[in-house]
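The next block holds one structure in the form of structure tokens; read it before the comments.
Side-chain atoms are counted along with the backbone in the values below, which use heavy atoms only and exclude waters and symmetry mates.
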Amino acid sequence: MGRLSLLPLIFASLFVATNANPLSSQQPAVHLQDGPVHIAQGWSWSDCGLHSDAIQIESISVSPDPPKPGEDLTVTVKAYAQEEVKEGAYADVTVKLGLIKLLQKTYDLCEEARNAQTDVQCPVDRGSYVVQQTVALPKEIPQAKFNINARGYTVDDDDLFCVDLKVDFMRRPFPKLSLGW
């Protein structure tokens with residue numbers, strides 16, 4: 001399905017945008033006012049969609065975790081399609097570095113799924129799906145924190161999904177220590 005294959009493309013969009021300007025399967029969830037935020041070592045994601053959205057994201061995982069510049073990144077997305085996703089579904093993706101927009105692009109989800117040769121293609125029937133895709137991360141990713149916003153829509157412009165990602169490529173000179181306090 002186009003929507004599920006988009007999350008790896010969202011990560012790829014981040015890395016394309018950063019090049020133009022000199023993301024563990026069990027993640028803890030922190031519940032905030034707006035909903036759960038799923039936190040990993042160098043990145044986090046939150047489902048900003050509604051329970052009525054056609055696509056419900058169950059989990060997103062990346063390997064390696066955290067993502068590392070210059071290495072392949074494998075993104076696995078588990079989601080449930082509550083209704084059929086048809087040709088013409090699309091997503092608006094924005095990648096920001098602080099307040100600066102590095103990329104704002106609209107993707108045709110079904111076309112992206114075809115181009116990526118994913119197992120799930122449009123039209124997508126109701127049901128559970130797992131999509132895994134690997135992208136090569138360039139070495140030149142700047143040391144920075146990126147925010148990625150993706151909003152998906154059906155062919156009829158109804159809400160399809162909403163996901164926010166944060167990816168941190170800041171180098172830390174010292175490893176995090178867990179003192180157990």
Going by atom types alone, do Asn149 and Thr94 pair a side-chain donor with an acceptor below 3.5 Å? no
Please give the remaining members of the hydrophobic cluster of Leu50, linking ILVMFWY side chains under 4.5 Å, ordered by chain and number. none
CA sep, side-chain torsions, deciding dist, call: Val77, Val130, side chain to side chain contact (heavy atoms under 4.5 Å, CB included): CA-CA 6 Å; Val77 179; Val130 176; over 6 Å; no
Using the side chain to side chain contact (heavy atoms under 4.5 Å, CB included) rule, take Lys68 and Leu137 through it: C-alpha gap first, then chi angles, then the decisive distance, then the call. CA-CA 7 Å; Lys68 295 181 175 78; Leu137 302 184; 5.8 Å; no
Consider only side-chain N and O atoms of Thr134 and Thr74, and report whether a donor and an acceptor are under 3.5 Å apart. yes
When clusters are formed by joining ILVMFWY residues with side-chain heavy atoms under 4.5 Å apart, either directly or through shared neighbours, do Phe161 and Val155 land in the same one? no
For the student: nearest non-hydrogen atoms of Leu109 and Ala91, plus distance: CD2-CB, 3.7 Å
Not counting sequence neighbours, which residues clear salt bridge (charged side-chain N to carboxylate O under 4.0 Å, His left out) with Asp53? List them please. none
Taking salt bridge (charged side-chain N to carboxylate O under 4.0 Å, His left out) as the test, write out the residues that go with Glu71, two or more places apart. none
Does any part of the side chain of Ile55, heavy atoms only, come nearer than 4.5 Å to the side chain of Tyr80, both counted from C-beta? no
With a 4.5 Å heavy-atom cut-off, do Arg151 and Cys48 have their side chains touching? yes
Got a sec, which residues hit side-chain contact (heavy atoms from CB on, under 4.5 Å) with Asn115, two or more places apart in sequence or on another chain? Glu111
Check against side chain to side chain contact (heavy atoms under 4.5 Å, CB included), Leu160 and Val85: CA-CA 8 Å; Leu160 185 64; Val85 178; 4.0 Å; yes
Intermediate values then yes/no, side chain to side chain contact (heavy atoms under 4.5 Å, CB included), Phe169 and Gln143: CA-CA 5 Å; Phe169 284 105; Gln143 295 182 37; 5.6 Å; no
Going by side chain to side chain donor-acceptor pair (under 3.5 Å), name the pairs with one or both residues in residues 152-163, residues two or more places apart or in two chains. Tyr90-Asp157
State which residues pass salt bridge (charged side-chain N to carboxylate O under 4.0 Å, His left out) with Arg114; sequence neighbours excluded, sorted by chain then number. Glu87
